[in-house]
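Here's the structure we're looking at; comments come further down.
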Amino acid sequence: MAAILQVERISKHFGGFTALSDVSLEIARGERFGLIGPNGSGKTTLINCISGLLRNESGKIVFEGKEITAQPPYKRTRLGIARSFQVPRPFHGMTVLENLLVPSAYVIHLKDSEGEARAMEILVGMGLAAKARTLASQLSQVELRKLELARAMAARPRLLISDEAMAGLSGSEVDEVLKILFDLNEQGITIIMIEHIMQAVMRFSQRVVCLDAGRIICEGTPSSIVQNPEVQKAYLGA
């Protein structure tokens, strides 16, 4: 299957600290891809480089066959890369629907009734249609997580980066979010999942990469990853 994203030997430093060192990976179109690693392993730095929030010092990033290494975040979003954030960042003074109308208008340039129809379609898929006129500040934790995904989807991405979308949720709420992500993938959206809830990553992912100290230490199927001694050492210690 053709690659939708190629990361080629990227490195990122913060002063004397190496956050990423010659990291390369390839994501297939339509793939469910899991990214794991202990705290400080470089996961967030990697996705920030992919989405454009950080600029890598070396290496390159290619999306849909086009190098985007120097592109700012908004241009990457317009090309088809969207992400949710570990800490939801809605416009708290806006309704749920209005939160989706912002990316609809400024990323894919839908206006008025067309944008609202598209936004409501997304909210139905997220189970948030009944909350469309509710202020974002009044949502529960799981509803905020769903809104974060909905806002990303309003940009019509081909690649969605789900960053800790299930953090702090109960078991049944994790199942709700997983179902949404499975449904989005079935619609043809490639998904990178970054998650500390290992069971969720293993249920969702077709392939998993484990980072430790800014390097890829293991890549494979979920079943092979959990049995890998290097992965066990990274999470549990020697």
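None of the values given here were measured: they were computed from a predicted structure.
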Exercise for review: Step by step, work out the side-chain contact (heavy atoms from CB on, under 4.5 Å) result for Ile194 and Gln86.
Suggested key: CA-CA 9 Å; Ile194 300 92; Gln86 182 176 353; over 6 Å; no
Point to revise | Leu100/Arg151 under side-chain contact (heavy atoms from CB on, under 4.5 Å): CA gap, chis, key distance, verdict | key: CA-CA 5 Å; Leu100 269 64; Arg151 280 162 28 99; 4.0 Å; yes
Check your understanding: Yes or no on side-chain contact (heavy atoms from CB on, under 4.5 Å) for Asp175 and Arg203, after CA distance, side-chain angles and deciding distance?
Key -> CA-CA 10 Å; Asp175 289 341; Arg203 285 170 59 191; 2.9 Å; yes
Practice item. Could you please spell out the steps behind the side-chain contact (heavy atoms from CB on, under 4.5 Å) verdict for Glu176 and Lys146? Key: CA-CA 9 Å; Glu176 288 180 43; Lys146 291 178 181 179; 2.6 Å; yes
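Judged by distance alone, with hydrogens and angles left aside, the side-chain atoms of Lys12 form no donor-acceptor pair with the main-chain N or O of Ala19 at under 3.5 Å. No donor-acceptor pair closer than 3.5 Å links the side chain of Thr190 to the backbone N or O of Arg29. A donor-acceptor pair under 3.5 Å is absent between the side-chain atoms of Ser24 and the main chain of Glu8, judged by distance alone.
In terms of the salt bridge (charged side-chain N to carboxylate O under 4.0 Å, His left out) criterion, residue partners of Glu116 (sequence neighbours excluded) are, by chain and number, Arg133. Taking Lys179 as the reference, Asp183 meet the side chain to side chain contact (heavy atoms under 4.5 Å, CB included) condition, with sequence neighbours excluded.
In this structure, Leu139 is a member of the same hydrophobic cluster as Leu169, with clusters built from ILVMFWY side-chain heavy atoms closer than 4.5 Å. If you chain together hydrophobic residues whose side chains sit under 4.5 Å apart, Ile217 and Phe33 never meet in one group. Under a hydrophobic-cluster definition in which Ile, Leu, Val, Met, Phe, Trp and Tyr are linked whenever side-chain heavy atoms come within less than 4.5 Å, directly or via other members, Phe204 and Met202 are assigned to the same cluster. Val102 and Val107 are members of different hydrophobic clusters when ILVMFWY side chains are connected at heavy-atom separations under 4.5 Å. Linking Ile, Leu, Val, Met, Phe, Trp and Tyr whenever their side-chain heavy atoms come within less than 4.5 Å puts Leu144 and Val96 in one cluster.
Counting only heavy atoms from C-beta outward, the side chains of Leu79 and Glu64 never approach each other to under 4.5 Å. The closest side-chain heavy-atom distance from Leu178 to Gln199 is not below 4.5 Å. Taking the side chain as every heavy atom from C-beta outward, Arg32 and Met193 never approach each other to under 4.5 Å. In this structure, Ile10 and Ile50 have side chains that are not in contact, with every pair of non-hydrogen atoms separated by 4.5 Å or more. Side-chain contact between Ile68 and Ile81: present, with at least one pair of heavy atoms (C-beta onward) separated by less than 4.5 Å. Between Ser11 and Thr18, the closest side-chain pair of non-hydrogen atoms is not below 4.5 Å. The closest side-chain heavy-atom distance from Leu123 to Met120 is below 4.5 Å. Residues Met126 and Leu147 fail the side-chain proximity criterion, which asks for heavy atoms closer than 4.5 Å.
For Ile4 against Ala28, the heavy-atom pair with the smallest separation is CG2-O, 4.0 Å. Smallest separation of non-hydrogen atoms from Ala152 and Ala82: O-CB, 3.6 Å. In terms of heavy atoms, Cys49 sits closest to Arg76 at O-NH1, 2.7 Å. Smallest separation of non-hydrogen atoms from Glu148 and Pro90: OE1-N, 4.4 Å. Smallest separation of non-hydrogen atoms from Met153 and Ile189: CE-CD1, 3.0 Å. Between Val23 and Leu20, the shortest heavy-atom contact is CG2-CD2, 4.1 Å.
Judged purely by distance below 3.5 Å, without hydrogens or angles, the side chains of Gln141 and Arg145 pair a donor atom with an acceptor atom. With hydrogens and angles left out, the side-chain atoms of Arg89 and Asn99 include no donor and acceptor closer than 3.5 Å.
Taking OG of Ser223 as the reference point, atom CG of Asn228 lies at 11.5 Å (rounded to 0.5 Å). For the atom pair Leu5 CG and Ile27 CD1, the distance stands at 6.0 Å (nearest 0.5 Å). For the atom pair CD of Glu31 and OG of Ser205, the computed distance is 8.5 Å after rounding to the nearest 0.5 Å. In this structure, CD1 on Ile47 lies 6.0 Å from CD1 on Ile161, to the nearest 0.5 angstrom. A distance of 8.0 Å separates CD in Gln232 from CD in Gln227, rounded to the nearest 0.5 Å. With rounding to the nearest 0.5 Å, the separation of CZ in Arg55 from CG in Leu53 is 11.5 Å.
Checking Ile225, Val209, Val208 one by one against Glu219, the side chain to side chain contact (heavy atoms under 4.5 Å, CB included) holds for a single residue, Val209. Of the options Val201, Asp163, Leu35, a side chain to side chain contact (heavy atoms under 4.5 Å, CB included) to Glu195 is made by Val201 and by none of the others.
Remark: Lys66 fails to qualify as a cation-pi partner of Phe63 under the 6.0 Å distance and 45° angle criteria applied to the six-membered ring. In this structure, Arg78 fails the cation-pi test against Tyr74, since its NZ or CZ atom is not both closer than 6.0 Å to the six-membered ring centre and inside 45 degrees of the ring normal.
The local environment of CZ in Phe182 is crowded, with over 12 non-hydrogen atoms from other residues, nucleotides or ligands closer than 6.0 Å.
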